[in-house]
Amino acid sequence: MEQGFISLDSIPGDFDLQSTIESGQSYMWSRDDGRMYEETPAYGGTAWYYTAFSRPTNGEPSVVRVRQHDHRLEWEATFDARDALVQLLRLDDDLEAIISETVDDSLVRTAYETYRGMRLVRDPPFPTLISFICSAQMRVSRIHGMQRALARKFGDTIKFDGMTYHAFPTAEQLATATESELRELKLGYRAPYVASTAKMVAAGEAHPEDAIGMDYEAAREYLTRFVGVGEKVADCVLLFSLGYLEAVPLDTWIRGAIADHYPECDRGSYAETSRAIRERFGGTYAGYAQTYVFHYLRANESPSE
DNA sequence: TATCCAAGGTAAGTT
DNA sequence: AACTTACCTTGGATA
């Protein structure tokens, strides 16, 4: 086992591991008490989180554990995970500068202040594509549960430090899944979407990362070729995996925020409303404002309000 | 205890 | 292009 820590003393805009991981943008991580997305941490924000994946560099199945403690990000892994963590958790973002370049209104400011240090994630493309296909009409905790079920059934098993971990399946592994197998994992009507998309990627017909480099709206359009991916899911993949920080996924919570706080941004169609709210949130880093508002409303606004 | 409802939407069919 | 409708499942709200 390798281990180390990343000092958070002088990171611009601070860093908050719990809100970054549990804000509904990433489904790659689990908390080691098994209660992620269900209850607040049992240890005052210093819980260990783990993720298992095949390393992009050599395909080697790997495990990373991480926790935030005493202004440090402590990690234990099957390899030197420092660079991977900087990438995954966007520790290279100048969050202070980003916030100063986005809109300053009461809703966004409150969200920034409440979850100070929350960062966007830079998750791997294929798992992000699949998890947000699964996200349609589904609660955050159940989306997370689906991804764990997919990993258990179709992913690599990795032993590390006396524990057994399950990596998210590769496209090739998930392409072997039948629709009925996926329905048994409670994916519901998303099962055929996941099966089709996994087969498309495994066959080399298209890859989500092919969108990198395209103009934002062209990239969003490109991703809709995957079955089960519409404009909203495409925006999530662009924002949480492919580095398009201007993307503003228009989900139920953001649509509610538009109705309550930015009614002039409702232009009817997804594309036009997206442009309007993106501009309102400050353009280049509008996705940061989106994710803060999403997390703030979901955590603080009761469903009936 | 039974019923209802909405959850980080999308695809397919109509107008 | 804009509008409708069907779609799995289930935790939590309501009767």
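Numbered from 1 within each chain, the chains take letters A, B, ... in sequence-line order. Values in this document were obtained by computation on a predicted structure and should not be read as measured data.
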Exercise. Would you call A:Glu74 and A:Arg65 a salt bridge, using N to O less than 4.0 angstrom?
Worked result: no

For this session: Using the closest heavy atom to pick a nucleotide of DNA chain B for each, name whichever of A:Val227 or A:Ile254 lands nearer the 5' end.
Result: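 Looking at the nearest nucleotide for each, A:Ile254 comes out on the 5' side.
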
Exercise. Does A:Gly228 or A:Gln290 map to a spot on DNA chain B nearer the 5' end, using the closest nucleotide for each?
Worked result: A:Gln290

Between atom [atom1] in [X] and atom [atom2] in [N], what is the gap in whole Å?
| X | N | atom1 | atom2 | answer |
| --- | --- | --- | --- | --- |
| A:Leu223 | B:dT10 | CG | C1' | 15 Å |
| A:Glu301 | B:dA6 | CD | C1' | 15 Å |
| A:Arg142 | B:dG9 | CZ | P | 13 Å |
| A:Lys232 | B:dA7 | NZ | P | 12 Å |

Could you tell me if [Y] and [X] have a donor-acceptor pair between their side chains, going purely by distance under 3.5 Å?
| X | Y | value |
| --- | --- | --- |
| A:Tyr165 | A:Asp156 | no |
| A:Tyr285 | A:Asp93 | no |
| A:Tyr50 | A:Glu76 | no |
| A:Thr102 | A:Tyr112 | yes |
| A:Tyr216 | A:Arg220 | yes |

Problem set entry | A:Phe15 side chain reached by A:Ile6 side chain, heavy atoms, under 4.5 Å |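 Heavy-atom side-chain distance check fails, nothing below 4.5 Å.
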
Exercise. Does B:dG8 have A:Trp253 stacked on its base, where the ring centres are within less than 5.5 Å and the planes differ by under 30°?
Worked result: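 Per 5.5 Å and 30° rule: no stacking.
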
For this session: Could you work out the separation of B:dT10 and C:dT10 based on their P atoms and round it to a whole Å?
Result: 22 Å

Problem set entry | Between C:dC8 and B:dT3 - P atom distance, rounded Å |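 It comes out at 23 Å once rounded to the nearest Å.
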
Side-chain donor/acceptor pairs under 3.5 Å, residues 236-245 of chain A, sequence neighbours excluded:
from     : atom 1 : to       : atom 2 : distance (Å)
A:Ser241 : OG     : A:Asp123 : O      : 2.7
A:Tyr244 : OH     : A:Ala211 : O      : 3.0
A:Tyr244 : OH     : A:Gly213 : N      : 3.3
A:Tyr244 : OH     : A:Met214 : N      : 3.3
A:Tyr244 : OH     : A:Met214 : O      : 2.7

Scan [X] against the nucleic acid and name what it touches under 4.0 Å (heavy atoms): base, sugar-phosphate only, or nothing.
| X | value |
| --- | --- |
| A:Phe226 | sugar-phosphate |
| A:Gly24 | base |
| A:Glu231 | sugar-phosphate |
| A:Ser23 | base |

Problem set entry | Steps toward side chain to side chain donor-acceptor pair (under 3.5 Å) verdict (A:Asp235, A:Gln290) | CA-CA 11 Å; A:Asp235 267 333; A:Gln290 188 275 358; over 6 Å; no

Problem set entry | Which nucleotide in B:dT10, C:dT9, C:dA2 has an atom nearest any side-chain atom of A:Ser269 |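 Of the candidates, C:dA2 comes closest.
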
For this session: When you get a sec, tell me which of C:dT9, B:dG8, C:dA2 is the closest nucleotide to the side chain of A:Val140?
Result: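 So the nucleotide nearest the side chain must be B:dG8.
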
For this session: Please list every stem that involves DNA chain C, where a stem is a run of 3 or more consecutive Watson-Crick or G-U wobble pairs with both pairing distances under 3.5 Å.
Result: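 If one scans DNA chain C for consecutive Watson-Crick or G-U pairs, the stems found are B:1-7 with C:9-15, B:9-15 with C:1-7.
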
Seminar exercise, completed: Residues in residues 176-204 of chain A with a heavy atom under 4.0 Å of DNA chain C, by number, are A:Arg183, A:Lys186, A:Gly188, A:Tyr189, A:Arg190

